[in-house]
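Presented below is the structure to which this report refers.
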Amino acid sequence: MEQKAEKQIQITLPDGASRSYGAGVTGLEIAEDISKSLAKAALAVTVDGVQRDLCDPIYADAALAVITLDSEEGLEIMRHTVAAQLLARAVKNLYPSAKLAIGPTIENGFYYDIEFESPLSTDDLEAIEKEMRKIKESGAPIIKSLNSKADTLAAFKERGETYKMDIVERAEQADDFQLYAQGETGFIDLCRGPHLPNLKHVGAFKLLKVAGAYWRGDSANAVLTRIYGTAWRNDKELNNYLHQLEEAEKRDHRKLGQQMDLYHFQEEAMGSVFWHPKGYVIYNALEQYIRRRVNDAGYKEVKTPQLIDNKLWVASGHWGKYRENMFVVPDEIPSTDDEGPVVSDKAFEKLMALKPMNCPAHVQIFNQGIKSYRDLPIRLAEFGCCHRNEAHGALHGLMRVRQMTQDDAHIFCREDQITEESVAFCELIKNVYADMGFEDVRVVLALRPEARAGSDEVWDKAEAGLQEALVKAGLEFEEEEGEGAFYGPKVEYHIRDAIGRSWQCGTLQLDFVLPERLDASYIGEDGAKHRPVMLHRAVLGTLERFIGILIESCAGKLPLWLAPVQCVVATVTDSADEYAREVFVMLKAAGIRAELDIRNEKINYKVREHSAEGKVPNLFVVGAREAEERTVAIRRLGSKDQSIENVERAIAALVQEAQPPF
RNA sequence: GCUGCUGUAGCUCAGUGGUAGAGCGCACCCUUGGUAAGGGUGAGGCCGAGAGUUCAAUUCUCUCCAGCAGCACCA
């Protein structure tokens, strides 16, 4: 092959083979050297693990791998090109005054943030998509160039791309700005690359939705229009993905909650749940399960007031930092006069607030009487009902509500007990999540934020303590800088919902600040007063959110111990009504949540309704035969088969199976 | 809170500048049917709230409220 320079470099391929090339050889040339078909399929390369364009020259010995569309990396590069080249250019063609901001890839797709002169709606996507196809058909080569800061700025200034100029101006580098052009079309985009060498490699894509997003993610900045899309290797993969999205929609807890008659929301109490009888069964079963768990783990359950004078919130620091998210109530008897104001101006001199958290109240219990170091740790648990005035746009079904019940607890302990208590908590949460069948749990250790209370030594100690606990519990976790609470670092347990959105459920937070602010103390071995450390912790997080995630993760088919209706006795004809009643009574007596369906409907209809709508795990079908033989025909949810079983034995088995896991 | 979209029967959704329609559900009747929709009849709506344009508004415009998607927020 042609020698680019005298100096030779060694390129190591993934199979271990080593080849020699002149310095300055490109990834494409190497791919061509390996095989023609590989060169044709090549999208980019990795050089020592770093993604590079095919046209980038290589000057030193390196390990090289060719990226094709078969790999996840290749797919991501293709998506990136669809966003930055196809979508961006299509938008500029149709809306010349649009200003491009950024267009990264995300899981399963990509987006591009763009400023438009007039609002864009979903209906406009079709035209943009059509334009994208046109551009794709052109098969234009994508040409990369490296440019100085001045040239890059000039190029974007000419095009009125003020956001791109902002990015370049803020960049630390002096030059080597990568611009990608499409042949001679005049279109350019700034990008870290790599990109496809050619638009011909683009697979199947679809634009999905538009939404607003702040420039640089800051709500003080302008809102840009974000166009979301997805791209796949071929139509089959694309359709597969779109089908998946549809399926996920069917698992949405808001939809299932209505279908299964679990709960509802309405305007007059937005963001707060009306639990229906069936939904409240789940709620109660979960609460009782956690109650048994924390009892076993040495917690004492308490109940604290809903409405507390703001003096306490001032003292705890919530009033200063968090007031805008609290519901504040004047402590005055309201006037019944239709004309005048409901409360007087004076009423605002004494304010109360609905508690947004339980911790200050738990400190009040701790503070009653004098505590000795021998008393510690003290673990106070509460199914605390809290109110938070959340931003309206944040509300989301059961996942984000304004009134929530946490399976909250606070552990007051000595500093030397932090690790032990943290390890015990990690064990507890591991067991609970295992009982619930959650495997895809992401654990995050959130470290000190910029604005924080407490000295660096205290933070060092706190972070190390949590880290040690996580390691001891054998958990894999990610560390996130700056994400901790102002009063201490925290461990967060995130679980994904049906559509892949991640929600924080369990949490463990160390707090050295609140005991100080609320003057909690214990008498140490030395006879002197000491500050206890506070561990805030929740396993499920909030019952509301956890139930939402639970419903989505099992598509409404809850495990038997949580199922609102565990068994329906359904008759084939009314000749079995009497026997069905008898079976129903037996089930109730055995503690099974049962329903009786003796409606004048066909058995097909009943089976369909209880299965598809109610997600009832067990159907006992009874007809003349069963009444005669004192049996039931058991049909399990999701099964086509049925088994005939003696009624007493069937009920005994069901009772056995319906035992909670703890 | 910000941007965009949506709001019609209990639910899912059509539709129109002259105050409304379907399917499911519900009620009643027929049907007694053996494991994912048997048939008929009927009731049911201030077309999210308020204002404006118009002879006339559920329909067009504006404001508000709520929901949805995303962003920001989540002590």
Side-chain angles (χ1 to χ4, degrees), chain A residues 106 111 113 115-116 119-124 208-228 249 252 254-255 258-259 261 264-271 313 316-326 356-357 359 388-397 399-400 404 449 451 453 483-488 490 492 499 501 503-504 507 509 511 513-514 536 541-542 545 570-577 600-613 619-626 633-642 644:
Chain A
I106 49 175
Y111 66 79
D113 285 350
E115 185 188 293
F116 288 90
L120 198 72
S121 84
T122 323
D123 301 334
D124 301 315
L208 297 175
K209 54 195 173 187
V210 293
Y214 299 107
W215 169 234
R216 294 190 178 278
D218 186 340
S219 58
N221 288 341
V223 177
L224 306 174
T225 301
R226 178 170 293 181
I227 301 177
Y228 283 91
E249 238 169 76
D252 190 313
R254 291 165 299 185
K255 202 172 189 130
Q258 185 182 56
Q259 200 178 309
D261 191 20
H264 83 271
F265 291 91
Q266 66 187 50
E267 281 191 30
E268 290 81 353
M270 65 149 173
W313 304 114
S316 70
H318 290 94
W319 192 257
K321 275 202 187 309
Y322 193 65
R323 192 169 63 235
E324 62 176 14
N325 287 307
M326 289 168 70
M357 304 185 92
C359 33
R388 297 181 182 183
N389 203 342
E390 303 278 10
H392 289 196
L395 299 177
H396 181 93
M399 305 299 197
R400 193 82 178 266
M404 73 208 73
E483 293 296 311
F486 77 92
Y487 52 70
K490 54 183 183 180
E492 299 170 352
I499 334 175
R501 285 181 291 211
W503 298 90
Q504 183 191 307
T507 183
Q509 312 182 0
D511 186 355
V513 175
L514 199 59
H536 307 243
T542 74
R545 174 178 293 180
T571 48
V572 178
T573 67
D574 56 12
S575 63
D577 283 4
N600 178 12
E601 296 290 352
K602 290 199 169 182
I603 192 62
N604 287 331
Y605 180 90
K606 295 183 184 180
V607 167
R608 195 191 110 80
E609 189 179 83
H610 297 301
S611 304
E613 305 292 315
L619 287 184
F620 282 5
V621 175
V622 296
R625 278 207 302 276
E626 286 78 11
I634 305 166
R635 185 191 165 106
R636 297 278 191 157
L637 183 58
S639 162
K640 290 253 177 276
D641 307 325
Q642 11 174 329
I644 309 291

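Letters A, B, ... are given to chains in the order of the sequence lines, protein chains preceding strands, and every chain is numbered from 1.
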What nitrogen or oxygen pairs link the protein and nucleotides 64-66 of chain B at under 3.5 Å?
unit_1, atom_1, unit_2, atom_2, d
B:rC65, O2', A:E267, OE1, 3.3

Return a table of donor-acceptor pairs under 3.5 angstrom between the side chains of residues 389-396 of chain A and protein atoms on other chains or two or more places apart.
unit_1, atom_1, unit_2, atom_2, d
A:N389, OD1, A:R402, NH1, 2.9
A:E390, OE1, A:R400, NH2, 3.0
A:H396, NE2, A:R501, NH2, 3.4

Heavy-atom nearest nucleotide on RNA chain B for A:E324 versus A:K640: which residue maps closer to 5'? A:K640
Evaluate whether atom CD of A:E324 has more than 12 neighbouring non-hydrogen atoms of other residues, nucleotides or ligands under 6.0 angstrom away. no
When the distance from NZ of A:K321 to C1' of B:rC73 is rounded to whole Å, what number comes out? 15 Å
Considering only heavy side-chain atoms of A:Y214, the closest of B:rC26, B:rC2, B:rA69 is B:rC2
N/O-N/O pairs, protein side and nucleotides 8-16 of chain B side, under 3.5 Å:
unit_1, atom_1, unit_2, atom_2, d
B:rC11, O3', A:Q258, OE1, 3.3

Taking only residues two or more places apart in sequence, or in another chain, which ones meet A:D124 in a salt bridge (charged side-chain N to carboxylate O under 4.0 Å, His left out)? none
For a quick check of understanding: with a heavy-atom distance under 4.0 Å over all strands, which category does A:L619 fall into, base, sugar-phosphate or nothing? nothing
Residue A:Y605, side-chain atoms from C-beta onward, closest of B:rG38, B:rG4, B:rG70: B:rG38
Shorter than 3.5 Å, N or O on both sides, protein versus nucleotides 39-43 of chain B: list them out with atom names.
none

I would like to know whether A:W215 and A:E115 meet side-chain contact (heavy atoms from CB on, under 4.5 Å); could you show each step before the answer? CA-CA 9 Å; A:W215 169 234; A:E115 185 188 293; over 6 Å; no
Go ahead and name the base partner of B:rU6; Watson-Crick or wobble counts if both distances stay under 3.5 Å, otherwise write none. B:rA66
Atom pairs, protein N/O to nucleotides 32-34 of chain B N/O, distance under 3.5 Å:
unit_1, atom_1, unit_2, atom_2, d
B:rU32, O2, A:D574, N, 3.2
B:rU32, O2, A:D574, OD1, 3.2
B:rU32, N3, A:D574, OD1, 3.2
B:rU32, N3, A:D574, OD2, 2.7
B:rU32, O4, A:D574, OD2, 2.8
B:rG33, O2', A:K602, NZ, 3.4
B:rG33, N7, A:V572, O, 2.6
B:rG33, O6, A:V572, O, 3.4
B:rG33, N1, A:N600, OD1, 3.3
B:rG33, N2, A:N600, OD1, 3.2
B:rG34, O6, A:A624, N, 3.2
B:rG34, O6, A:R625, N, 3.2
B:rG34, N1, A:E626, OE1, 2.7
B:rG34, N1, A:E626, OE2, 3.3
B:rG34, N2, A:E626, OE1, 3.3
B:rG34, N2, A:E626, OE2, 2.4

Grab the CZ-P distance between A:F116 and B:rC5 for me, whole Å please. 13 Å
